[in-house]
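Notes for the one structure printed next.
For this chain, numbers begin at 1 and follow the sequence in order. Order of listing sets the numbers, starting from 1, for every ligand and every atom in it. Keep in mind that the numbers below use all heavy atoms, side chains included, and drop hydrogens, waters and symmetry copies.
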Amino acid sequence: MPYSVVPENLSSLFPDEPSYRADQLHSWLYEHPVLTADEMTNLPGQLRDQIGDNLWPFKVETEQTADDGTTVKWLFRAPDGNAIEAVLMGYPKRNTLCISSQAGCALGCTFCATGQFGFDRHLEPGEIYAQVAYATAYLASAGLPGCPDHLTNIVYMGMGEPLANYRRVRESLRRIIEVRGLGARSVTVSTVGVVPGMLALAEEPWQVTLAVSLHAADDELRSSLVPLNKRYPLAAVEAAAANYFRVKGRRVSIEWTLIDGVNDTIDQARKLAPIAERLQSHVNVIALNPTPLSPDQPSRPERIEAFMAELARLGVNGTLRHMRGQDIDAACGQLRARSEPKRGSAQRVEISRP
Ligand code: SF4
């Protein structure tokens, strides 16, 4: 499986071939990815056959489209049976791919389908990067109607907490930015507040965007929604976000999922405002996507309006984001809602140290 091999070591796949064969393969994996080995036209047939069905580290189990064909969700299945989901969202001038970094998630945020179904394992760098390569190849061949033919943005907002899988996510970032050459500023890593990972990311050489999912602006409420808050409380998360801003000179964005009657109050907006002001952050607000194992509901329109109005009154730069792919469970927090019928219990898992 060539994506499982470190890009600089591809010659190990063809030990009896001249070195330029590895360079050719490198180009097919990282510069001009293709959907099948048969399309690697400058490789001899016997090498294409050798790669064959092993080009991807997963099988494409389902491909669903929504939003008039401009949203595509893939359910990839790894050989060990784990599901990996990625969502491609096309717009007139950009294409954004939302990728997964873990199979499941151990952090158990109450409103999130991924968290409700538990954790299976970390994804390997090749499995993370291959989602990017697959979407790139798809755009170059099938494409999305009315959208560019190439990938412009990547967000680590699919299944899993990226900074809980730090070393593998770091290697996937290296492949995206240094090997493939996508601008670091086009890549967003999201976190619910894994403070050691936030601090480590600030020391990396890349200007990636850091998005912090707050969802609540006091520790009591936040701990009830995001259990990790008991380990890394709000003040520590804010300090790590401020450090990222200071070191990188890049503002951290704040993500906020509005849950009806829970965190859509004027009181929460008033507690959020000073945090956003101190961090000079933009706040991205989205209404909750209902999930099967939680009674939580999205905020009603009048409550969303009041929340946004209060943020605006307090001078906070906020945007209400519209949901994409909700009818195929591709919206934020919905991944894995239907791909895994089992009800998992969130297992304990050690956060991979930076
Ligand atoms: S919101 Fe993110 S960190 Fe929380 S359970 Fe879902 S995937 Fe995990």
Can a cation-pi geometry be assigned to Arg94 and Tyr91, taking NZ or CZ under 6.0 Å from the six-membered ring centre and within 45° of the ring axis?
yes
Nearest atoms (heavy-atom pairs only) where Asn42 meets Arg21
O-NH1, 3.2 Å
Option nearest atom 2 (Fe) of ligand 1 (shortest heavy-atom distance, choices Gly118, Ser101, Gly160)
Gly160
Within Cys112, is some N, O or S atom less than 2.8 Å away from atom 4 (Fe) of ligand 1?
no
Val192 neighbourhood, listing ligand 1 atoms whose heavy-atom distance to it stays under 4.0 Å
3 (S)
Only heavy atoms of Gly108, strictly under 4.0 Å: list the atoms of ligand 1 that pass.
5 (S)
Apply the side-chain contact (heavy atoms from CB on, under 4.5 Å) test between Leu182 and each candidate in Thr152, Ile177, Ile154, Thr136; give the one that qualifies.
Ile154
How far is atom 8 (Fe) of ligand 1 from the closest protein heavy atom, and which atom is that?
Cys105 SG, 2.3 Å
Identity and separation of the nearest protein heavy atom to atom 4 (Fe) of ligand 1
Cys109 SG, 2.3 Å
Would you say the side-chain atoms of Asp120 and Gln102 include a donor-acceptor pair closer than 3.5 Å?
no
Are Trp74 and Tyr138, when compared by the centres of their aromatic rings, separated by less than 6.0 Å?
yes
